[in-house]
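Data block below; observations after.
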Amino acid sequence: MGAGATKGTIGAVGATVDLRSDTVTQPTAEMRRAMADAAVGDDQYGEDPTVNELEAVFAERMGMAAALYVPSGVMANQLAIRVLAPAGSLVVAGRRQHVVAYEDAAAAGSAGVQLFPVDDEDGLLDPADVRWARDAAHHHMPVPGLVAIENTHMPSGGRWWGPDSMRELCAAAGDVPVHVDGARIFNAEVASGIPAARLVEGATTVMACLSKGLCAPVGSVLAGPSDVIEEARAHRHRMGGAMRQAGIIAAAGLVALRTMVGRLAEDHERASRVAGAVVERWPGSGLGQVGSPTNMVIFRHDDPTALQAHLESHGILSATIAPGVVRLVTHRDVDDDGVDRTLVAIEGAP
Ligand SMILES: *Cc1c(COP(=O)(O)O)cnc(C)c1O
């Protein structure tokens, strides 16, 4: 408990090690101060100086012309799909990606598109699958309107896409726009040592979450060309996502972008330690091939319910992301002591 107090945040309650997600991170003391002091205005009139600054800073970080602050990553993804993919078109995406598996089928309802899920077992899409979807349009199949990728790709342990894979994908997409679900694009930046702007080169849009490993309490940002972002702004309003004095929360987002990116390296190091223990305990869990390139440890287990109960008896919270697939996520509110305890619990786990 003492260690939690020195961090200056509320942290995980008591001795609980919460490895369910990096979304559980608490805002930092600096964020809370920035929120209290934020200059604000009515964002729906474009008059919130802090929101405007956050959008400008993010657009620049991504090497794009403009950006839009939104309440959540799901809304950012759905806005990109709504603006870029015409109703009745295909959205080509990895079958385990967030837009396919974890957005409650939003794309079908809000954009009227048909998802075209392709293999993403190792985290990347095969450019041949994208080419196939484009060719298929000449054989009575629907026309692709968008290709969506995930960088980092969560279900593959947080694998990142490098510029070469990205270039090949964009070449295969041709004139079909590419959207990067970069909920954790800064984990990719830190793990690869390559600036995010280079990682998203060739894409039309990119979204990033400020509320995960970067510890902001709320919010995501969508960047792209000015005309696309203006259209997304109109759709944000239609979806009920236009806010008022949102500078209060955007202020924490600015602190996230300016001060919280570098420390993600610590999360990656801790995730590798956890991954090492998982591979040792369950050599057949599938983790050996992919490892944990960033902050996610994802592996198969025959009885996740028993495993989760065992971990919980050690004060460790875990998650499942699919039947028989367990997830452990490192983040700022999990320290070395928490990892040590996790390793002990894994050693004795069913
Ligand atoms: C969390 C997440 C989202 C959605 O973000 P929310 O803020 O939870 O709506 C989208 N894509 C990926 C890969 C994510 O991990």
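Counting starts at 1 for both ligands and their atoms, in listed order. Only this structure's heavy atoms are used, side chains among them; waters, hydrogens and symmetry mates stay out.
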- Message: Can a donor-acceptor pair be found, under 3.5 Å and without considering hydrogens, that links the side chain of Asp48 to the backbone of Asp43?
- Response: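 No; judged by distance alone, with no hydrogens or angles, the pair does not exist.
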
- Message: Closer than 3.5 angstrom, by distance alone: can the side chain of Ser292 be matched with the main-chain N or O of Asn295 as a donor-acceptor pair?
- Response: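 Not a single qualifying donor-acceptor pair exists.
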
- Can you label the angle between the Phe299 ring and the Trp282 ring as parallel, tilted or perpendicular, going by 30° and 60°?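 Ring orientation, 0 to 90° scale: parallel.
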
- Please state whether the rings of Phe116 and Trp132 are parallel, tilted or perpendicular, taking 30° and 60° as the class boundaries.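 Rings of Phe116 and Trp132: parallel, as their planes differ by under 30°.
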
Could you go through ligand 1 and note, for every N or O atom, any protein N or O atom closer than 3.5 angstrom, writing the atom names and distance to 0.1 Å, or 'none'?
unit_1   : atom_1 : unit_2 : atom_2 : d
ligand 1 : 5 (O)  : Gly73  : N      : 3.4
ligand 1 : 7 (O)  : Gly73  : N      : 2.8
ligand 1 : 9 (O)  : Gly73  : N      : 3.1
ligand 1 : 9 (O)  : Val74  : N      : 2.9
ligand 1 : 11 (N) : Asp181 : OD1    : 3.1
ligand 1 : 11 (N) : Asp181 : OD2    : 2.6
ligand 1 : 15 (O) : Arg184 : NH1    : 2.8
ligand 1 : 15 (O) : Lys212 : NZ     : 2.8

- Among Arg233, Arg238, His237, the one residue meeting side-chain hydrogen bond (donor to acceptor under 3.5 Å, both in side chains) with His235: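 Checked Arg233, Arg238, His237 against His235; only one passes side-chain hydrogen bond (donor to acceptor under 3.5 Å, both in side chains): Arg238.
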
- Any side-chain heavy-atom pair from Thr204 and His179 closer than 4.5 angstrom?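 The answer is no, as the side chains (C-beta and beyond) never meet within the 4.5 Å cut-off.
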
